[in-house]
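Please read the structure below before turning to the comments.
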Amino acid sequence: MNTLDYLLEQLKLKSSIFCQLTLNGHWGVAKAPHPHGAPFHLLLSGDAWLRLPGEQQLIHLREGDMVMIPAGHRHDLLSKPDARTVEFTQLLASHGHTRAGSNARFHATRIAVGQPGEGQTKLVTGIFNFGESLRNPLVTALPDYLHLSAEDNPWLPPSLTLLSEELDSELPGMSTIAVRLADILFVQAIRHALSQRHHFNAGWLN
């Protein structure tokens with residue numbers, strides 16, 4: 001087993017939590033810190049802006065993109081850079097959903113915001129929960145965010161389409177396939193980080 005495979009195994013990736021969001025008009029979602037996991041967002045259609053604490057520049061996310069926050073920092077997803085935000089837990093509660101427990105292997109919800117007709121964005125948001133994330137050198141060496149663009153990763157859009165179709169299906173084994181696809185996306189994000197060594201927070205992986 002090589003070093004990367006060993007570190008991925010030691011992360012003890014144990015759950016993938018999904019929420020399918022259809023967002024219309026002007027919107028903003030604030031995601032609380034998650035110390036034992038890595039939030040991720042998959043842009044199925046439309047676009048969005050990612051804002052991290054202390055960041056001077058917003059990250060523009062386009063259709064087919066993926067972004068992951070390895071250390072679980074608080075962050076915002078926005079329709080426009082100046083959009084007002086609502087806490088994600090409040091958004092869940094207003095639609096009759098509760099936050100998934102940290103031990104859930106799979107949990108999926110679907111939420112629509114606003115009226116269709118003015119700038120629609122569809123995305124899947126979720127969290128990779130880890131057993132010992134803060135003690136793993138792989139996570140601590142990664143940058144604050146990993147942004148994989150559809151333009152530079154042609155395998156990404158069809159992967160997101162397949163995941164979305166599975167989440168929409170009611171076929172036997174849907175949750176197993178969706179989680180496995182998410183696991184692949186996580187490993188692909190780590191591979192992307194390895195190809196961008198100058199972005200590492202620490203020199204260990206170099």
Atom OG1 in T109, atom CG in L21: separation rounded to 0.5 Å? 7.5 Å
Which residues satisfy the side chain to side chain contact (heavy atoms under 4.5 Å, CB included) test with D76, sequence neighbours excluded? A30, R51, L78, T85
Give, for atom CD1 of I69 and atom NE2 of H147, the distance between the pair rounded to the nearest 0.5 Å. 10.5 Å
Kindly compute the distance separating CG (L50) from CG (D65), expressed to the nearest 0.5 Å. 11.0 Å
In short, P157 meets A150 closest at the heavy-atom pair CG-CB, 3.6 Å
Any side-chain heavy-atom pair from L43 and V67 closer than 4.5 angstrom? no
Smallest heavy-atom separation, A189 atom then M68 atom, equals CB-CE, 3.9 Å
Test side-chain hydrogen bond (donor to acceptor under 3.5 Å, both in side chains) applied to R74 - qualifying residues, sequence neighbours left out: E87
How about R110: does its CZ atom have over 12 heavy atoms from other parts shown lying under 6.0 Å from it? yes
As an exercise, state the distance from CG of L42 to CZ of F18, rounded to the nearest 0.5 Å. 8.0 Å
Stepwise side-chain contact (heavy atoms from CB on, under 4.5 Å) check, N153 with M66: CA-CA 10 Å; N153 299 274; M66 170 184 178; over 6 Å; no
Would you find a donor on one side and an acceptor on the other, under 3.5 Å apart, between the side chain of N24 and the backbone of V113? yes
Side chains of N129 and H34, heavy atoms from C-beta outward: is any pair under 4.5 Å? yes
Tell me if a side-chain donor or acceptor on S79 pairs with a main-chain N or O of W27 at a distance below 3.5 Å. yes
Are L44 and L162 connected in the hydrophobic side-chain network, where two residues link if heavy atoms are under 4.5 Å apart? yes
Out of curiosity, does L146 fall in the hydrophobic cluster containing W155 (side-chain heavy atoms, cut-off under 4.5 Å, transitive links)? yes
Kindly compute the distance separating OG (S175) from CZ (R180), expressed to the nearest 0.5 Å. 9.0 Å
Smallest heavy-atom separation, D144 atom then H73 atom, equals OD1-NE2, 3.5 Å
Taking only residues two or more places apart in sequence, or in another chain, which ones meet H41 in a ring pair (Phe, Tyr, Trp, His ring centres under 6.0 Å)? H75
For S164 and L160, indicate whether the former's side chain and the latter's backbone hold a donor-acceptor pair under 3.5 Å. no
Determine the minimum heavy-atom distance between A178 and L163, stating which atoms define it. O-CD1, 3.6 Å
Here the gap from L185 atom CG to S159 atom OG, rounded to the nearest 0.5 Å, amounts to 6.0 Å
Report the residues that fulfil ring pair (Phe, Tyr, Trp, His ring centres under 6.0 Å) with H60, sequence neighbours left out, ordered by chain and then residue number. W49
Just jot down the side-chain hydrogen bond (donor to acceptor under 3.5 Å, both in side chains) partners of E165, sequence neighbours excluded, or say none. none
For S149, which residues count as a side-chain hydrogen bond (donor to acceptor under 3.5 Å, both in side chains) partner, sequence neighbours excluded? D152
